[in-house]
Amino acid sequence: MPKIEFIDPKVERQSGEIKLDPIPVNQYSKSIEDEKLNFTKDEFIRIYRDMVIIREFENMINDIKIKSEYNGIAYNHPGPAHLSIGQEASAVGMAYHLDAEDYIFGSHRSHGEILAKGLSVINKWNDSQLMEVMKGYWDGATLRPVEKGIRAR
Amino acid sequence: MNDLAIDFLLYGTLAEIFARENGFNKGLGGSMHAFFTPFGVYPNNAIVGGSGDIAVGGALYKKVNKKPGIVVANIGDASMGCGPVWEGMVFSSMDQFRLLWEGEFQGGLPIIFNFMNNQYGMGGQTRGETMGYDVLARVGAAFAPYQMHTERVDGYNPLAMIDACGRKKKILEEKKGPVLLDTLTYRFSGHSPSDASSYRTKEEIEAWQNVDSIIDYGQSLVKAGICSQSDLDEIKANTVGKVEKVLKLASSDDISPKMNLYANPRAIEEVMFTNGSVDSFDDREPEVNMPMEENPRVQQIAKKERFGLKDGKEVSKMKAYQLRDGLFEAIVDRFYKDATCIAYGEENRDWGGAFAVYRGLTEALPYHRLFNSSISEGAIVGTAVGYALCGGRVIPELMYCDFLGRAGDEVFNQMSKWQAMSAGYLKMPIVMRVSVGSKYGAQHSQDWSSLVAHIPGIKVIFPTTPYDAKGLLNAALQGTDPVMVFESQRLYDIGELFHTAGVPEGYYEIEIGDPDVKRAGKDITILTIGSTLYTAIEAAKTLEEKYGLSAEVIDARSIVPFNYEKVIESVKKTGRIVLASDACERGSVLKEMAQTISETAFDYLDAPPVVVGSRNWITPAYELEEFFFPQKQWILDAIHTKILPLEGHEPKHDFSSKEQLRRSKLGV
C-alpha cells in the first residue's frame, strides 16, 4: 500500500531461491563449572529453590485435587487445575532475567510461570518496593492474612 | 522481607485458584486466569493460544509508548494449531516496524513467542500426530528473513533456558524482534488431575522423570561443590512449610472468604464495566505531524453545513457535514489529546479507511499511531486487547461487521472479560469500529449488533446521525470500557437532519445508553436500531398523512447499556410499540427489548410489542434487498396486522401469527 515502496516487476519476477539459516537445536553445552563465571553460589541455589517452590506448590494442588488433602490439611477444590509438574526449569529459566517492567502472558497451565516471574521480581526488588506493592494491592487485603500467618507461626 | 513477599506471592496465587476474595483477582480470575500485574505477570488465558495475539498488543504498547521492558507470550506447543497465534506472529513481524515506522519508533516488536513445548495438547501428541513441523522451532523460519531468531532450547535444563532467554532479550533490546523459542519440556502431570494419561505410556513418563530437571540440577550443584545435599533438603523442607502455611490460610473460610454475594449482590455487577472518564492515559505530548487546524480534512469540514436541512430541504451531500465527519472529529480530537491513542485496521493509512472516515488522518499522524495491519481480524482485536490492558487507548477497525466472526474469541472472550476477571483492576479502553454493509450480499451485509449485545462486558452503540456519531464516539473515547461501534454504510454520507442547532464544533458527549426521540408523537411508538431509523421516519410520515396516526420515533442509539426510561414514557403515552432494525429477526436484541417493555409496561400496552427485523435468510443481492431488510411497507403491515388495523390499508406482507409460527417451524 505505501506509495514510497515501489514493487518492481523486474525484481519480483527474477528467478532464484530462498536460503534458510540453520536453526539451532539444543545447542547449549556449558557445564556448571563454565557457568560459575556467570552465577554466584546464591544465584545457583536460588534457581534450584524457585523450581522446588513451584514443584511443591503444584504437588500440593495435585494432592488436593486427587486426595482432597495435603500433608494432613484437608480441602476440596472443585475448580480447575492444569498443572505443569515437570516444566519448572522452563518457567524459572524464562523468568530469570525478567523484572516487573517485563510482561509475561500465559496460558491455562501457567501457575509455574506466575510463581517463577514473581520470584524473579521479588529477588530483584528492595524491601520498600515490595512493601509498597503488597500494602497497596487491594488495600492490603492479600497481604494481611500472610502477615498474620507469620505472626501465628 | 523476601520471605514475606514469597508467602504473599504463593498466597495471592493460591487464594485466587481457590476463588477467594483475597486472591490476586478477588477470585474472579481463578486458576486459569490468575495474574498479578505489579510483578509484570499479565493475564493468563484459558483459551489455547489466547495470549498469542494479546501479548503482541503488550509489545505494541511498549513500543508506541516508549516503555522499557520486553513481553513474553508463554503458550503451548499445541497452540501452534490456532489461527490467532499465527496471526499474532504475522502481525508482530510486519515489515513496517523496521522499514516504515519513523525515528525512535523504528525497529521490531519486543516480544518472545515462547512455546512451552511439553509435547501434548490435550490428548494429542504434537510432534508425530497433530503437527507436521518435526521440530517446532522450524516454524519461526517462515515469518521473516531473520527467521524470528528461532531456536529450540532444552527447557529441561534451567541454565540452558536462562542462557537462551538472556540472548533473546538482548535481541529484543536491539529492536530486532520478534523472537520464537521452542522450549522443550515435559509435563508429568496429565492435562488435568482427572486425566488418566491414556494417550502415552508409563515408560515414556518414567523416562522423563528419570531426568527430572530438579533432581538433575540439584545433583549437579552438589557435584560442583556449590552446595551440599543437606542444603537442598533444607530448601525442600522450608518450601513444604511455606506451602502448608499458605494452604491453611487460603483454604480457611474465615481467613480467606469467598466473595460474599449475599452481603453485596452487586459485587460482580460493579466490576463488569469500569465506567471511567480519562482525557489521556499518558502525560506526554501526543506525536502529531501538524497542528490540527492545518489538516486538510479539518479545513474542508470547516466549510460544511453542520445542519443538513436548509429551508426544509436537504443540503447537498457535497456541502453537508456528514456522519463520517462526526466520527472523524471525535477521533482526531482524541489523537491530539491522548498520546497513547492509536488506530489500525486493514486500510486505515493512506487509503483513509474504506469509507473515508480516516481521510486526513494519514497527514495528521506518524506511522506508529495510524497504520495498516495484516488482514488478521483476530490479531487486530487481540492486539488491541493487549494494548488496552497494558494501559493505552486503541481504536481497532474491522471493515465489515461480517468479519467479526474472524475475531470471535478476541471479542467474545477477551475484550469483554478482562476488566471483570481482574475485579476491575485492569481497564479496557478499546473503541472497536465495524461497519454494517449493504449491497455486497451475504457475507458483507449483516447487522450483528445482537451477537455482541449478548456478550456481557461490551458496550454497544449504533449512531445514525452526525450529531449522535460525534457525541457518542466522544463518550466512548473518553471512557475506560470496550465499546463496539456499529456504523451503517448507508449512512456515512448523511447530514444532520434532527438536531436543529447542527453538530457543535466543540467537544461534547452523548451518554452511552440514552436513546433519543427523533420524532415526537402520541399514538404509536417506533423504536429503531441503526439505519432503520430513516425507514421508520418515512413510515411515521405515511401514518400521519394517510391514517391520521401520530407516531413517535425513538432511535436507540445504544444497545448496551440501554436506559428504557424514554421508551417506557413513550409507551405510557401511546400504548403501542413497533421495534425495527436490519438485524435478522430471530434472536435480535429487539426481541429482548420487546420482552422487557412487555414486562415493565404491560399495563400501558394495548397490544404486545411487535418486532420487525430482517428475514432469517442470507442477505441477497442488492437488487433483492427490499425482500430482506425491513421496508416502510413492512412496518405499516405489521402495525395493521398485529397492533391496530389501519383503515383502508391493504397489507402486502404476511405478519400474521400463523405465518410467524410457520417460519419458526421451518427455521427460516
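By convention in this document, chain letters (A, B, ...) are assigned in the order of the sequence lines, proteins followed by strands, and residues within each chain are numbered from 1. All of these numbers come straight from a predicted model, not from anything done at the bench.
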Min side-chain heavy-atom separation [X]-[Y] under 4.5 Å:
X	Y	answer
B:Lys223	A:Ile32	no
A:Ile122	B:Leu9	yes
B:Ile226	A:Lys36	yes
B:Ile17	A:Phe57	yes
B:Met116	A:Arg109	no
A:Asn26	B:Asn157	no
A:Glu5	B:Leu100	yes
A:Lys117	B:Val72	no

With side-chain contact (heavy atoms from CB on, under 4.5 Å) as the test, would you mind laying out the steps for A:Val146 and B:Val246 before giving the verdict? CA-CA 8 Å; A:Val146 182; B:Val246 297; 6.0 Å; no
Residue, of [options], that accumulates the most heavy atom pairs under 4.5 Å with chain B:
options	answer
A:Gly79, A:Ala81, A:Gly72, A:Ser29	A:Ala81
A:Leu20, A:Ile114, A:Ile104	A:Ile104
A:Asn62, A:Asp99, A:Ile45	A:Ile45
A:Tyr103, A:Trp125, A:Tyr70	A:Tyr103
A:Val121, A:Ile61, A:Leu98, A:Asn76	A:Val121
A:Met51, A:Glu33, A:Met131, A:Lys19	A:Met51

Contacting moiety of [X], where chain A heavy atoms sit under 4.5 Å:
X	value
B:Tyr146	neither
B:Leu172	neither
B:Glu244	both
B:Tyr367	side chain
B:Asp195	neither
B:Phe188	both
B:Lys236	both
B:Lys26	both
B:Val153	backbone
B:Ala55	both

If I measure from the heavy atoms of chain B, does [X] come under 4.5 Å with its side chain, its backbone, both, or neither?
X	result
A:Ile64	side chain
A:Glu35	side chain
A:His77	side chain
A:Ser84	backbone
A:Leu130	side chain

Among B:Leu232, B:Asp231, B:Ile6, the one residue meeting side-chain contact (heavy atoms from CB on, under 4.5 Å) with A:Arg49: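 For A:Arg49, the side-chain contact (heavy atoms from CB on, under 4.5 Å) check succeeds only for B:Ile6.
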Shortest non-hydrogen contact from B:Met161 to A:Met94? CG-N, 3.6 Å
What is the minimum heavy-atom distance between B:Gly155 and A:Ser90, and which atoms define it?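 For B:Gly155 and A:Ser90, the tightest heavy-atom pair comes out as O-OG, 2.9 Å.
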Using the ring of each side chain (for Trp, its six-membered ring), is A:Phe105 parallel, tilted or perpendicular to B:Tyr42, with breaks at 30° and 60°? tilted
Aromatic rings A:Tyr48 and B:Tyr217: how do their planes relate, parallel, tilted or perpendicular, breaks at 30° and 60°? parallel
Mind jotting down which residue pairs meet the side-chain hydrogen bond (donor to acceptor under 3.5 Å, both in side chains) criterion with at least one end in residues 128-138 of chain A? Sequence neighbours excluded, please. A:Asn126-A:Ser128
Modelled atom types, side-chain donor and acceptor of A:His111 and B:Ser31, under 3.5 Å: yes
Before giving the answer on ring-ring contact (aromatic ring centres under 6.0 Å, His included), spell out for A:Tyr75 and B:Phe18 the whole-Å C-alpha distance, their side-chain angles and the decisive distance to 0.1 Å. CA-CA 10 Å; A:Tyr75 184 60; B:Phe18 290 168; 4.4 Å; yes
Between B:Thr183 and A:Gln87, does a side-chain contact (heavy atoms from CB on, under 4.5 Å) hold up when you go through it step by step? CA-CA 10 Å; B:Thr183 299; A:Gln87 300 183 192; over 6 Å; no
Could I get the full list of side chain to side chain donor-acceptor pair (under 3.5 Å) partners for B:Ser51, not counting sequence neighbours?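 Listed in chain order: nothing, the list is empty.
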